[in-house]
Amino acid sequence: MNTVYDCLIIEMDKHHNALGNITVVENGKDVPFNIQRVYYLYDVPGGEERGGHAHKALRQLIVAASGSFDVVLDDGKNKRIVSLNRPYNGLLIVPGIWRELNNFSSGSVCLVLASEKYDEKDYIRDYQEFLKEKK
Ligand code: TYD
């Protein structure tokens with residue numbers, strides 16, 4: 001059973017250049033899964049919270065491509081808050097972890113690289129059901 005301590009920060013390469021930086025993410029090299037889907041959250045109103053669910057099989061790498069936000073990880077026993085604020089750091093979220101994203105800075109962009117295509121059946125959106133499944 002996965003715990004919040006299985007969610008790791010992956011530091012990716014940063015190619016520094018006087019004209020700006022570039023970070024590259026490649027399947028099998030920088031992420032431990034094949035990327036099937038990419039999406040990004042932006043224009044999140046101040047004070048709002050995203051997430052509030054867990055996934056049964058999906059793995060994700062979450063990157064603050066711009067700005068910053070916090071990810072609250074919860075495995076039913078332990079909670080961890082991870083602040084993301086560097087475009088070259090990714091937070092790997094493994095299956096079976098309840099997550100909430102909050103404290104979005106103005107103009108922030110949350111880039112998500114995901115191991116599967118979108119499937120609503122992979123979501124657990126009810127916290128009590130999540131706790132039951134973790135027992
Ligand atoms: P959701 O994953 O619940 O958002 P968040 O966790 O960021 O708060 O998705 C919000 C809505 O967008 C939901 O109605 C489903 C839809 N959606 C898709 O259609 N495809 C996708 O790949 C994702 C991530 C969401």
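Each ligand, and each atom within it, is numbered from 1 in the order the structure gives. Hydrogens, waters and symmetry mates are skipped; everything else that's a heavy atom, side chains included, is used.
- Under a 4.0 Å N-O distance rule, the pair E120/R125 qualifies as a salt bridge.
- Around atom 13 (C) of ligand 1, the closest heavy atom drawn from R37, H55, R125 belongs to R125.
- Protein heavy atom closest to atom 4 (O) of ligand 1, with residue, atom name and distance, is R50 NH2, 3.3 Å.
- Summarising the geometry, atom CD1 belonging to I97 is positioned 9.0 Å from atom CG belonging to N78; distances are rounded to the nearest 0.5 Å.
- Of all the atoms in ligand 1, the ones that sit under 4.0 Å from a non-hydrogen atom of H53 are 2 (O), 6 (O).
- The proximity of L41 to ligand 1, defined as any non-hydrogen pair under 4.0 Å, is limited to the side chain.
- Atom 2 (O) of ligand 1 has Y123 OH, 2.6 Å as its closest protein atom, hydrogens excluded (heavy atom only).
- Put simply, atom 8 (O) of ligand 1 has protein non-hydrogen atoms near it, under 4.0 Å away.
- Of the protein's heavy atoms, none falls inside 4.0 Å of atom 11 (C) of ligand 1.
- The number of heavy-atom neighbours closer than 6.0 Å to NZ of K56, taken from other residues, nucleotides and ligands shown, is above 12.
- An N or O contact shorter than 3.5 Å links G51 to ligand 1 by distance.
- Note: the hydrophobic cluster containing L91 does not contain V72 (ILVMFWY, side chain heavy atoms under 4.5 Å, direct or indirect links).
- Aromatic ring pairs are classed by plane angle as parallel below 30°, tilted from 30° to 60° and perpendicular above 60°; the pair Y40 and Y42 is tilted.
- Relative orientation of the W98 and Y127 rings is perpendicular, given thresholds of 30° and 60° on the angle between their planes.
- Summary of contacts: the protein heavy atom closest to atom 15 (C) of ligand 1 is Y118 OH, 3.3 Å.
- When heavy-atom distances to ligand 1 are checked against a 4.0 Å cut-off, E120 has no atom that comes that close, whether in backbone or side chain.
- With contacts defined as side-chain heavy-atom distances shorter than 4.5 Å, the pair E116/F33 does not qualify.
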